[in-house]
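These notes concern the structure reproduced below.
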Amino acid sequence: MNIARLILTLPLAAALLSAQGLDPAKLLQPPTDTWPTYNGDYTGRRFSPLTQINKDNVKQMTLAWVWRMNLGPGAGGGTSVKATPLEVNGILYFAVPDHAFAVDARTGRELWHYKWETHGGIHIGDRGFGMYRDWLYFETPDNYLICLNAKDGTERWHVEIADVKQEYFSTPAPVVIRNHIIVGTGGDSLDVPGFLESRDPETGALQWRWNTTPRKGEPGAETWPNEDAMSHGGGMTWMPGTYDPDLNLYYLGTGNPNPVMAGQGREGADLWTCSIVALNPDTGKMAWYFQSSPHDTHDWDAVQTPVLIDGTIDGKPRKLLAQASRNGYFFVLDRTNGKAIVSKPYGPINWSKGVDAKGQPIGDPAKYPHTDGTLVMPASGGTTNWPPPSFSPQTGLFYVSTSDSYSMFFLTDTDKKPEGYGGRDAGVFSRAGLTAIDYQNGNIRWKHNFPGVGGGVYGVLSTAGGLVFTGDPMDNFIALDAKTGDPIWHSHLTGSVANGPESFELDGEQYIVVGAGDSLYAFKMAK
Amino acid sequence: MPLRKGPFVFIVASAALIAFAQTPPPPPGQRPAQQGRGGGGRNFLISRDVPDPAAVERGQRLFVANCGFCHGSNANGGGEGGPDLIRSALALDDEKGNKIGPVIHNGRGKMPPFPQMTQAQIEDIAAFLRAKQQAAINRNAYTIQNVNTGNAAEGKVYFEAHCANCHSPAGDLAGIAGKFTPEILLNRIVYPGGRGGRGRGGASASRVHSTVTVTANGHSYSGTLEYEDDFHVSLQAPTGEYLTFTRGPGVRVEVEDPLAGHEKLIPTYTDAELHNVLAYLETLK
């Protein structure tokens, strides 16, 4: 009797003691009561197995609460929630540039607010936190990795990962793999080289660094004309990646090369920019790469989520990786070796002459930016952009927010060694939609274009309830039928959907949480 | 729920009056707010202090005279072997000469020392370098070069075949070249209305309004399209009345987009055709 009691109470006591902490086992499970990473789990699918809210009852879904950002006196307005909050033990954790918050997931009540005194840097967005047991990690526009206590938001330590004076600014959410805090950085203004690092969760000390462009004499150097070009070659690590624990590989999409639009000083493929790479998270060693946009000149980074799919190709089970890339191509790779299975446009494009033997697109030099203007599809913003897509194993469809768009691209710097962007562009047309792609062949199963012209791209969530959630150009948060693309439910919010929506269950109730403008909104079924 | 998908009626005739008469699209280089690059207020690209223009000018004279031979008069390494100082880690790290000053005074590698340079002069050179760095960083201010490179005669032929149904050089396009800069006119040939990839889909001051007809309960309502999404449509009737309809069974929505003709043409344009049409329109001063 006593023994039975002991066995029952021990786990309970442990749970209470670490009430704020993240059980590492949660990182390896599909997200149900917990949303422990930027993408909900390591796969990047953003698929919720929850079914309480489904396509038959979603019209009865109602607002649970709204949280509105208050950054305090002196803070500028216009900051939107681009992070996907972590949800751990009923608390949401998220960040915007220089600020971090904890909010009660049941009530929307703010529990703490951490403020970082910035040293500068471009403030465009923050993807939020990674979590290791009781500790939270986020990055700032001035490139500090900050470790907070989840319990009260107090700072444990901060370390600098890049120099803001060199025009780096950081946006990604750190990814936690065992005792590795994987951090990236950004900065495309003045031709700095990109890198990815692993940091120690206790101290922030460097464990390894992987450079997105080779150093002199390293493999890949042959794809650059000279050392100067590759040491100023860009390739930013703007976004969190995905992870396969069985293969022990971390998958990351890298940013575009610099100078961004003027390619004449960096003739060649410019590895490993605009690439999907597989890295060993213990060593930072690259296992393979696939280049989504060799020698990009259109600002089309390849940082869109590399989504891990355990699927079937030609009747055989395969370990796959799918990316709907900013350049308009949908790629499906064998994630054990990086070999392409599908390379197919998922929106209108006019810049490619097809794909090479490895399935990598071949850019048409006629569509590089020229001084008098080049009409290119998609626009510089891409067919999609950083807002996360979703894959539903239930439908076998990859859902991505799309913008069928054009830009006029102008080369402005004709120097043999251009600097910065070296060009500019003007978006002239876009049509926003949600596109559902069959992962087995890249065919478009359905595409829902939103009414009217214009609009951007928005994060996506799919659920086992047969629903896809995303935003539209008119500030609606929308639920569509995952099989057909028919819009079923919507709520007009006070800003456009700014992050990837998420879902979790607390006390037997399923929540859908989305960031729009400067607010977070939570929905659940009416009781 | 059955939704809109009412037939789009391509009227192009009325487009003639408005298509070229709107305010210009946002300047190149801006990104949609969705990607977070926009935002109001100060230039989001420049996060360090902008140097005093007078100091920049003094610094430029000093730099060209003393440093330009090796570093290039633009400081980008275009001279006789001196490094680029725009992307130089040391020059970027510098604040008011604290990093470049010792190098100027003491020399470095092949660089000779300039011991006579005063602190004030060093600060002026630092201001000049910061200005050059910020000019490279501030892509929204890059100067677009000549875009009027086409053949006007060929452009006239294209215009008469593809554009003259709706547009007239003596009518809506009279004097068009005087209303827009060539690069904005080039964008507007592709798609006027300022609601492209940079903008939002909604009604904005710069957009060309569509007209809409909603048929519901056996009645028909027509007017200017004010709002449209998958669930609702709103219009302003000629009487001034504002009406919103919920889409659903028995509600038929027909949108007439005056720019549909442009949208249809976009995928067909070659860059040469666009530049030829621009060259032709540039003759319509």
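We name chains A, B, ... by the order of the sequence lines, and we start the count at 1 in each one.
Of all non-hydrogen atoms in B:V190 and A:L375, the two that sit nearest each other are CG1-CD1, 3.9 Å. Across all non-hydrogen atoms, the minimal contact from A:G120 to B:S47 is C-OG, 4.3 Å. A:S189 approaches B:R139 most closely through the heavy-atom pair OG-NH1, 4.3 Å. Between A:R424 and B:I144, the closest heavy-atom pair is CD-CG1, 3.8 Å. Considering every non-hydrogen atom in both B:F231 and A:P487, the closest pair reads CZ-CB, 3.7 Å. The nearest pair of heavy atoms linking B:D271 to A:G373 is OD1-O, 4.1 Å.
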request  = Show your reasoning for whether side-chain hydrogen bond (donor to acceptor under 3.5 Å, both in side chains) applies to B:D230 and A:H448.
outcome  = CA-CA 10 Å; B:D230 279 320; A:H448 179 74; 2.7 Å; yes
- Message: Working note: B:H275 + A:H370, criterion ring pair (Phe, Tyr, Trp, His ring centres under 6.0 Å); need CA distance, chi angles, decisive distance, verdict.
- Response: CA-CA 12 Å; B:H275 288 101; A:H370 292 96; 9.1 Å; no
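The residue among A:H490, A:K417, A:M261 with the most heavy atom pairs within less than 4.5 Å of chain B is A:H490. Among A:K416, A:M408, A:M377, A:H232, the residue with the largest count of heavy-atom pairs under 4.5 Å with chain B is A:H232.
B:E228 places no side-chain N or O within donor-acceptor distance of the main-chain N or O of A:P451, the cut-off being under 3.5 Å. With hydrogens and angles disregarded, a donor-acceptor distance shorter than 3.5 Å links the side chain of B:Y142 to the backbone of A:Y421.
A distance of 12.5 Å separates NE2 of A:H123 from CZ of B:F44, quoted to the nearest 0.5 Å. Within the model, atoms CZ of A:F429 and CD of B:E263 stand 3.5 Å from one another, a figure rounded to the nearest 0.5 Å. Distance check: B:I46 CD1 to A:I122 CD1 gives 7.5 Å after rounding to the nearest 0.5 Å.
Looking at B:N76, the atoms closer than 4.5 Å to chain A (heavy atoms on both sides) sit in the backbone and in the side chain alike. With a threshold of 4.5 angstrom between heavy atoms, A:D481 does not approach chain B through any atom at all. Both the backbone and the side chain of A:Q166 come within contact range of chain B, with heavy atoms under 4.5 Å apart. Heavy atoms closer than 4.5 Å to chain A are found in the backbone of B:A141, but not in its side chain. In this structure, chain B has no heavy atom under 4.5 Å from any part of A:D404. No part of A:A432 comes within reach of chain B, as not one of its non-hydrogen atoms sits under 4.5 angstrom from that chain. Residue B:N146 touches chain A through its backbone alone, counting heavy-atom pairs closer than 4.5 Å. Contacts between A:H119 and chain B at a heavy-atom distance below 4.5 Å are absent for every atom of the residue. For B:I86, the parts lying under 4.5 angstrom from a heavy atom of chain A are both the backbone and the side chain. Only the side chain of A:K367 comes within less than 4.5 Å of a heavy atom of chain B; its backbone N, CA, C and O stay farther away. Looking at B:P267, the atoms closer than 4.5 Å to chain A (heavy atoms on both sides) sit in the backbone and in the side chain alike. Residue A:N350 does not touch chain B at all, counting heavy-atom pairs closer than 4.5 Å. Residue B:I137 touches chain A through both its backbone and its side chain, counting heavy-atom pairs closer than 4.5 Å. In this structure, chain B has a heavy atom under 4.5 Å from the side chain of A:P259, while its backbone stays farther away.
In this structure, A:K165 does not pair ionically with B:D94, as no charged nitrogen and carboxylate oxygen lie closer than 4.0 Å. The residues B:R87 and A:D228 are annotated as salt-bridged, a charged nitrogen and a carboxylate oxygen being separated by less than 4.0 angstrom.
Take A:F477 and apply the ring-ring contact (aromatic ring centres under 6.0 Å, His included) test, not counting sequence neighbours, and it matches A:F469, A:W489, A:F523. Evaluation of the salt bridge (charged side-chain N to carboxylate O under 4.0 Å, His left out) rule for A:D518 yields A:R68 as partners, not counting sequence neighbours.
The neighbour count for B:K96 NZ, taken as heavy atoms of other residues, nucleotides or ligands under 6.0 Å away, does not exceed 12.
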